[in-house]
Amino acid sequence: MATSCNEKEIIIQSKTTGAELVETLRLTDPEKGVAITVDGIPRDMSDAIEEGSKVNIYSFNEAEGKEVFWHTSAHVLAQAVLRLFPEAKPTIGPVIEGGFYYDFANLHVHADDFKAIEKEVKNILKENFSTEKVTFKDKKEAQEAFKGNIFKEELISMLPDDGPITAYRQGEFFDLCRGPHLSKIGKIKAFKILKSSAAYWRADQERESLTRIYGVSFPDRKMLQDHLTYLEEAKKRDHRVIGSKLSLFSFSDYAPGMPIIEPNGMVVWNELLKFWRDLHQKDDYVEIKTPAMMDKGLWELSGHFANYKENMYLSEIDKGTYAVKPMNCPACMLYFKSKRHSYRDLPLRVGEIGNVHRHELSGSLSGLLRVRSFHQDDAHIFMTKDQIKDEIIGVLELTDKLYSAFGLSYHLELSTRPEKKTIGTDEDWEMTTKALREALESWGKDFVVNEGDGAFYGPKIDIHVSDALNRTWQCGTVQLDMSLPERFDLKYTDEHGEDVRPVMIHRALYGSIERFFAILIEHYKGRFPLWLSPKQISLLPVADRHVEYCKKIAAELKEKGFRVSVDASHESISKKVRTAQVHQVNKMVIIGDKELESETLSIRDRDTNETKENLTLASFISEITITRDTKA
């Protein structure tokens, strides 16, 4: 039937189906053989596979497997809801990161209803229905099948006339869907409803109000339990809760989606910027600051006004239309164009910490992770073609230094030319993609290629960081841009005196500083390392007679650049220690009679809970200076 080429790819030697192939290869366990692609296209297990086809088989632990597993589970959720609430109208049920949801019209549920729905899900899973794909001959037939459900009818009307329209049946449940699905729903062994919320049809506040039910499922009960434990830990790390507790940031109804960074948060913020600037100065970047609002003509020239207008904040000034900048790039083009440049000036590395504004839907706002006003650590590098590889390697080296300081691991993805609607010649794309690939290969770290996932204006490298919970966040990006230099007619003079178009990289490492701040809060669980910590040292006098000695020590520590406070309250020493722990103070210096008489210190460490006694002030300063300066 098949010859295995590697662990996953199989060459079909005689006509078969995915289900038969999985059975032959003994991949029938719940977590195995949950999805297939045939010649790179997702297919159902029941589909006929022609001789000579290349088949890839995916387990639940792979993204392709989860997609099919969770999408089938969304249908099971909808089936259970309709059994209990037959008046509900199902709309859509997509897979999302960490599970799935399904939206319903004419449904009102509360947390008290979750157990009943989960119980019905169990009943459905015991019935172990096979999933059946139904293909309609045209839109009219599909509309007839879903007559009475205005949401399905609208979705069908939006589908292309020449494409297949499919639906899936499991038992009595029938739903419009492109698939594919699990061949049997009995592979789902563990199912949990996570929460419900309000939503709007097509995310439009002017449209129908819906009820959204979120869920997650697994092929094994232990997997579900591990996931729920993970979610509980993630909840404890929620940056919104920690940010409020530690007075790092806040929001006001007068400026939704636009954070107020509070004094403690500004300490972390300024340390992040100082670190960023130190790294970039060493790599010969110059820094600029550009206007926050510019005439719409600039945004028309850059192409943003035509494609991004609905996300821009506009204002009428002096009978003209101005836009608050949603990105920094066009203004940097103006800076480059304001002067004549020789090939001797290149590479020119230009950085900016720019405050940008984008109108995000109110329902999508989420603490510092999704805001309307944020700062990007952009940089644009202008260079000759033969400098691309070295400059990319330089950016990767800078990336490694930056993320390593926070204990963040990362992986790299190279995204290549999309199939349609790109600018630039074939030669340009071949040259730039080759340069990025060679730079990554020279850099020596593993990377993944995402074919066709580049921007319309050039290939790119995406940088995904992993935090303490092994969650991945897409922060940095390195993009080769052939569009803006062309649009702004950027030039430099080459060694022959000819005007030449520069190649440009635009890149960000933090990405959004607000978002990176949120990631760090959750990564550290609010327990910032000494160099970042808003409250590095707290001096805790046991009694009033020890306060003056504490103030003397505090003055010397402040002189050395440390952030220090003295807790001169009348609380007990145990209460003072507890308060310092709640505020995540790194070093608690306890001063009593013994320390006063011997002029020594007793140091309690936040991270180890150990107390060192009889330390001299000089030795303490030496120790914490090394810790701070090495970012240990």
Are any side-chain N or O atoms of [X] and backbone N or O atoms of [Y], one a donor and one an acceptor, separated by less than 3.5 Å?
X	Y	answer
E514	H375	yes
S73	F69	yes
D377	E352	no
R606	Q584	yes
R372	H359	no
R349	D283	yes
E522	H239	yes
K576	P541	yes
E118	I193	yes
Q536	L530	yes

Is the shortest distance from a Lys or Arg side-chain nitrogen in [X] or [Y] to a carboxylate oxygen in the other one below 4.0 Å?
X	Y	value
D278	K282	no
D238	R240	yes
R237	E233	yes
R545	D593	yes
E391	R507	no
D103	R212	yes
E571	R578	no

Would you find more than 12 non-hydrogen atoms of other residues, nucleotides or ligands less than 6.0 Å from [X] atom [atom1]?
X	atom1	answer
D607	CG	yes
R221	CZ	no
E559	CD	no
K525	NZ	yes
K309	NZ	no
E599	CD	no

(message) Between T321 and E316, is there a side-chain donor-acceptor contact under 3.5 Å, judged purely by atom types and distance?
(response)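 Short answer, yes.
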
(request) Assess the side chains of S602 and K594: does a donor N or O sit below 3.5 Å from an acceptor N or O? (result)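 There is no such pair (donor and acceptor under 3.5 Å, judged by atom type) between the side chains of S602 and K594.
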
Looking only at non-hydrogen atoms, find the nearest pair between [X] and [Y] and report the distance.
X	Y	value
I260	S252	CD1-CB, 4.4 Å
C550	L540	SG-C, 4.4 Å
S250	E262	OG-OE2, 2.8 Å
S247	N264	O-CB, 3.3 Å
V216	G99	CG2-CA, 4.2 Å
L615	K612	CD1-CB, 3.5 Å

(message) Please determine whether side-chain contact (heavy atoms from CB on, under 4.5 Å) holds for the pair F620 and V589, giving the CA-CA distance in whole Å, both sets of side-chain angles, and the decisive distance to 0.1 Å.
(response) CA-CA 10 Å; F620 177 54; V589 183; 4.1 Å; yes

Can you find a heavy atom in the side chain of [X] that is under 4.5 Å from one in the side chain of [Y]?
X	Y	answer
C329	H380	yes
L398	L402	no
I519	C475	yes
Q581	R604	yes
L107	I213	yes
V371	F251	yes
T611	M588	no
T625	R628	yes

(request) With sequence neighbours left out, write down each residue that passes side-chain hydrogen bond (donor to acceptor under 3.5 Å, both in side chains) with W269, or none if nothing qualifies. (result)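 Result, side-chain hydrogen bond (donor to acceptor under 3.5 Å, both in side chains) vs W269: none returned.
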
Looking at [atom1] of [X] and [atom2] of [Y], how far apart are the two atoms once the value is rounded to the nearest 0.5 Å?
X	Y	atom1	atom2	answer
I463	E413	CD1	CD	11.0 Å
M258	L365	CE	CG	9.5 Å
I537	K560	CD1	NZ	12.5 Å
K236	I242	NZ	CD1	11.5 Å
I261	L368	CD1	CG	5.5 Å
I521	L248	CD1	CG	5.0 Å

Classify the angle between the aromatic ring planes of [X] and [Y] as parallel (below 30°), tilted (30 to 60°) or perpendicular (above 60°).
X	Y	answer
H280	Y285	perpendicular
H304	W299	perpendicular
F406	W531	tilted

(request) Would you please indicate if the ring centroids of F218 and H227 are separated by under 6.0 Å? (result)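 Ring-ring flag for F218/H227: true, centres closer than 6.0 Å.
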
(message) Ring centroids only, cut at 6.0 angstrom: are F100 and F191 within range, meaning strictly under it?
(response)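 Centroid separation for F100 and F191: below 6.0 Å.
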
(message) I'd like to know whether L412 forms a side-chain contact (heavy atoms from CB on, under 4.5 Å) with L396, so could you lay out the CA-CA distance, the side-chain angles of the two residues, the decisive distance to 0.1 Å, and finally the verdict.
(response) CA-CA 10 Å; L412 305 168; L396 294 175; 4.2 Å; yes

(message) As a quick check of understanding, evaluate side-chain contact (heavy atoms from CB on, under 4.5 Å) for I317 and D295, giving each step before the final call.
(response) CA-CA 9 Å; I317 302 175; D295 187 278; over 6 Å; no

(message) Would L273 and I513 count as a side-chain contact (heavy atoms from CB on, under 4.5 Å) here? Give the steps.
(response) CA-CA 9 Å; L273 295 191; I513 300 178; 3.5 Å; yes

(request) Using ring pair (Phe, Tyr, Trp, His ring centres under 6.0 Å) as the criterion, point out the one residue from Y410, Y510, W473, F275 that pairs with Y403. (result)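 Considering Y410, Y510, W473, F275, a ring pair (Phe, Tyr, Trp, His ring centres under 6.0 Å) with Y403 is found only for Y410.
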
